[in-house]
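Working notes, structure below.
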Amino acid sequence: MRADMRPERDSRPPRQDRQPYGEQRGRGRYGEGQERPRYGEQQNGAFDRNGRGERRFQRPESTVDAATALRERVAELGAQITADYAGKDLLLVCVLKGAFAVMADLSRYIRLPLDIDFMAVASYGASTKSSGVVRIIKDLDSDLSGRHVLLVEDIVDSGLTLQYLLKNLRGRRPASLEICALLRKTGIESVPLDVRYTGFEIPPEFVVGYGLDFAEKFRNL
Ligand code: 5GP
């Protein structure tokens with residue numbers, strides 16, 4: 001931009017309708033009567049914490065909010081996993097296709113010399129509901145015996161897919177087997193699962209993007 005094209009500083013008339021920060025009413029995210037969350041309860045509009053201090057996803061106001069929240073949370077999980085698995089032979093197992101995005105990001109936030117492997121599964125039955133009958137389309141290349149395995153999943157809905165996978169992988173005698181799920185739906189009937197690392201709890205709605213599809217589309221959102 002040429003210097004003579006720049007708008008002159010402070011040339012605009014002062015905005016009469018602006019009130020000092022904190023005194024604005026009925027504008028922005030928190031309207032009349034709505035309490036602004038305390039510091040630490042909510043950041044960038046995309047998550048807050050439930051009663052147990054776990055993060056709960058809020059409908060983001062924009063894809064930028066969602067992307068920021070995802071990146072921050074995945075970084076936190078990476079740091080936690082780094083601390084928990086220090087000195088251990090860690091193998092990250094990505095459950096394709098949905099977990100490819102979180103796997104790519106999470107693995108780079110884990111500061112350990114880890115291994116990566118992939119397995120692809122499909123569940124029989126209706127397209128948007130898991131039936132619990134899982135078919136392994138691509139199996140792992142690695143031998144799991146004696147290894148510390150962390151299963152990376154995109155989303156836990158009924159939990160049936162993971163229940164099947166855990167049973168299958170436990171039979172391969174890993175030293176440990178834990179789950180990291182980016183999203184976990186709440187308020188639905190699900191099988192009891194011990195998910196060691198959860199990114200966000202979300203309401204029981206169908207979600208797409210960041211690896212999750214609708215009829216194989218929108219994984220790239
Ligand atoms: P579950 O067996 O826990 O009911 O379902 C797990 C699998 O179903 C996930 O790995 C994912 O592939 C798919 N799934 C469950 N909920 C959703 C959702 O909201 N959106 C998308 N795109 N896939 C989902």
Side-chain angles (χ1 to χ4, degrees), residues 45-48 50 54-63 65-67 69-71 73-74 77-78 81 91-107 116-140 142 144 149-172 174 177-221:
F47 58 80
D48 66 0
N50 66 13
E54 293 161 352
R55 291 190 182 212
R56 210 168 35 179
F57 208 70
Q58 296 274 306
R59 188 175 297 282
E61 293 192 351
S62 72
T63 48
D65 280 350
L70 284 167
R71 193 178 56 244
R73 184 64 185 134
V74 171
L77 292 174
I81 293 165
L91 172 67
L92 289 185
V93 170
C94 173
V95 185
L96 293 171
K97 300 178 188 171
F100 83 89
V102 60
M103 177 70 158
D105 289 344
L106 179 68
S107 60
I116 284 174
D117 208 341
F118 299 87
M119 76 189 293
V121 299
S123 68
Y124 294 110
S127 56
T128 58
K129 279 248 178 310
S130 175
S131 63
V133 184
V134 177
R135 186 165 47 107
I136 295 179
I137 295 169
K138 184 221 170 290
D139 207 343
L140 298 171
S142 324
L144 300 193
V149 177
L150 181 59
L151 208 52
V152 180
E153 251 289 29
D154 49 0
I155 187 163
V156 183
D157 187 348
S158 67
L160 288 166
T161 305
L162 274 176
Q163 190 186 46
Y164 170 87
L165 280 179
L166 284 178
K167 193 166 168 231
N168 181 296
L169 298 181
R170 263 193 210 113
R172 308 184 194 193
L177 179 59
E178 301 288 351
I179 300 166
C180 175
L182 178 70
L183 303 173
R184 188 167 194 182
K185 288 188 189 173
T186 56
I188 46 160
E189 263 198 52
S190 59
V191 295
L193 271 182
D194 188 11
V195 179
R196 175 128 182 224
Y197 307 97
T198 303
F200 299 97
E201 289 183 344
I202 61 164
E205 291 169 8
F206 193 79
V207 291
V208 296
Y210 200 60
L212 290 153
D213 73 312
F214 175 68
E216 291 302 324
K217 296 282 189 288
F218 310 118
R219 293 190 194 276
N220 56 322
L221 291 181

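Just so you know, ligand 1 is whichever comes first in the structure, and atom 1 is the first atom listed for that ligand. This structure is a prediction, so every number in the text was calculated from the model and none was measured.
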| said: Is any side-chain heavy atom of M103 closer than 4.5 Å to one of L92? | reply: yes
| request: Using the test side chain to side chain contact (heavy atoms under 4.5 Å, CB included), find all partners of F100 that sit at least two apart in sequence or belong to another chain. | output: L96, R219
| said: Could you tell me, atom by atom, which parts of ligand 1 come under 4.0 Å of a heavy atom of L212? | reply: 21 (C), 22 (N), 23 (N)
| Taking only heavy atoms of D213, which atoms of ligand 1 are found under 4.0 Å from at least one of them? | 21 (C), 22 (N)
| query | Quick one: does V195's side chain get under 4.5 Å of R184's, heavy atoms only? | reply | yes
| Does the side chain of V156 come within less than 4.5 Å of L183's, by heavy atoms? | no
| request: Enumerate the atoms of ligand 1 whose separation from the nearest heavy atom of D154 is less than 4.0 angstrom. | output: 9 (C), 10 (O), 11 (C), 12 (O)
| task | May I ask whether Q163 has any heavy atom positioned less than 4.0 angstrom from an atom of ligand 1? | result | no
| field | Per-atom contacts of ligand 1 with T161, taking only distances under 4.0 Å to non-hydrogen atoms | value | 1 (P), 2 (O), 5 (O), 6 (C)
| field | Verdict with supporting geometry, K97 and E216, salt bridge (Lys or Arg N to Asp or Glu O under 4.0 Å) | value | CA-CA 9 Å; K97 300 178 188 171; E216 291 302 324; 3.0 Å; yes
| task | State the atoms of ligand 1, each with its element, that fall below the 4.0 Å cut-off from a heavy-atom position in E205. | result | 19 (O)
| Nearest option to atom 14 (N) of ligand 1, as decided by whichever heavy atom of D157, L182, V191, I155 sits closest | I155
| said: Any side-chain to backbone donor/acceptor pair from T186 onto E201? Under 3.5 Å, distance only. | reply: no
| query | Got a sec, which residues hit side chain to side chain donor-acceptor pair (under 3.5 Å) with S142, two or more places apart in sequence or on another chain? | reply | D117
| So, is F206 polar-close to ligand 1, with some N/O to N/O distance under 3.5 Å? | no
| query | Counting each atom of ligand 1 from 1 as listed, which ones have a heavy atom of K185 under 4.0 Å away? | reply | 16 (N), 17 (C), 18 (C), 19 (O)
| message | Taking R172 first and then D139, would you say they form a salt bridge - that is, a charged N and a carboxylate O separated by under 4.0 Å? | response | yes
| request: Classify the contact between E153 and ligand 1 as side chain, backbone, both or neither, using a heavy-atom distance cut-off of under 4.0 Å. | output: side chain
| message | Under 3.5 Å between any N/O of G159 and any N/O of ligand 1: does that happen in this structure? | response | yes
